[in-house]
Amino acid sequence: MSALLTILRRDLGLLLPGGHGHGGGGTLLPLLFFLAVAMLYPFAVGPVPELLARTGGGIVWVAALLAAILPLDRLLARDLEQGFFDQWRLRGIAEEAVVAVRLLAHWLSFGPPLILAALPAAALLGIEGETLRLVALGLLAGTPGLAAIGLIIASLTVTVRGGAALAGLLLIPLAVPLLVFGAGALSTGGASGIALCGAMSLALVAIAPFAGGAAIRAAREG
Amino acid sequence: MEPCRLAATDLACRRGERLLFRSVGFALEPGAALQVAGPNGTGKSSLIRLLAGLLRPFAGAVERVGAVGLLDERPALDGHLPLGRALAFWGRIDGGEGAEVAALGLEPLLDLPVRYLSTGQRKRAALARLVEQNAPIWLLDEPLNGLDKEAARACEALVARHCADGGVAVIASHQPFVLPGMATLALPGFAPPEPAA
């Protein structure tokens, strides 16, 4: 257990924005990317308040999804190349446990910051009141699922050259269900979409460590 | 040191379509060391990974009693961290005391980021990690690569001490590795015959 806490501390140092500075720590890039999309959208469609208020929530979701792709390349590949997973295995620390810890660190590094960044994004898009609440709740329910899908894909493409670009392409279709129910809750105004989004997230979070562990073991044999 | 044993019976390894070696067998009791020799591409690294349990044998079995420490070309140290902190990560997991750092001449390097270290310095750091792990079975893949003469002698001395303390060691190296009483396994002798054209 203490070994896993040690690994979690290292993961957070690697992934959290400003963790260990350049070359090591995570970057603010996903966050800035997210805000940039929210900022560009009104320029692209024109400053019509009704249009922005109606479609803005959806754009926040799309921006969140795209921002979740950015950290994928650094999620697992580096540790596999540098032999960390081998050393953990020899110490009896299962790949599944390491991947579960990595999932937590990955979500912490982009989930909560995105939900916070949704506030300025909402201001840029003119979203307020009930819609803003649904966007924030939806992101809270959906980002763990996005993190889990991202981690599964990162583990499957870990030995693929140029895997990062491929991972981004693969994530988009798999994330569509989360988007449909998470962003869909905005138009139906009900909590049921968010509940379903949360349920999907939970299932994905439960699967991810096992899928990731199996993928890393398979990568060793390759 | 806890009791340990490392044995391989009738081991065969296939990488891709190629059978690298077959019928490899040995048994190492506490205090024993084995050098796996052979030119590049004969399967030394693969044998080490088989023994570590990181690869599945194509045939045969590996029997391991005791924890395994592995030293290969990947030091498993974070490049952006100062060496001291990168080693401290493994120290917290393994419960080591950091006593090897001075013996391997790493003290002046502790504040340098790992990515600025030379190949030999990284190798020495990985050796320190290995010693601190306190595993009875040592698997060393080309441990002398990048080490200067002095560091190479220090590495040989560490392995000798490890074996004298009742550990076992397997050293895969194409360079001579000086260790009294060490057996040698020449891997090319276990390659399958070339198929007739």
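Both backbone and side-chain heavy atoms feed into the values below; hydrogens, waters and symmetry mates do not. Letters A, B, ... are given to chains in the order of the sequence lines, protein chains preceding strands, and every chain is numbered from 1.
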side-chain hydrogen bond (donor to acceptor under 3.5 Å, both in side chains) between R74(B) and Q87(A), intermediate numbers included: CA-CA 10 Å; R74(B) 298 162 311 161; Q87(A) 296 292 341; over 6 Å; no

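- Contact annotation for A67(B): neither backbone nor side-chain heavy atoms come within less than 4.5 Å of a heavy atom of chain A.
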Steps toward salt bridge (Lys or Arg N to Asp or Glu O under 4.0 Å) verdict (R85(B), D78(B)): CA-CA 9 Å; R85(B) 284 179 58 192; D78(B) 279 314; over 6 Å; no

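- Only the side chain of R15(B) comes within contact range of chain A, with heavy atoms under 4.5 Å apart.
- With a 4.5 Å cut-off on non-hydrogen atoms, I93(A) touches chain B through its side chain but not through its backbone.
- Annotation: maximal heavy-atom pairing with chain A below 4.5 Å, among L70(B), L54(B), V68(B), D94(B), occurs at L54(B).
- The side-chain heavy atoms of L81(B) and F89(B), taken from C-beta on, include no pair separated by under 4.5 Å.
- Under 4.0 Å is where a charged nitrogen must lie from a carboxylate oxygen, and between E156(B) and R153(B) at least one such pair does.
- Listed options E221(A), R217(A), R89(A) were ranked by heavy-atom pairs under 4.5 angstrom with chain B; first place goes to E221(A).
- Within the 4.5 angstrom heavy-atom criterion, only side-chain atoms of R91(A), from C-beta onward, approach chain B.
- R49(B) and D141(B) are not joined by a salt bridge, as no carboxylate oxygen comes within less than 4.0 angstrom of a charged side-chain nitrogen.
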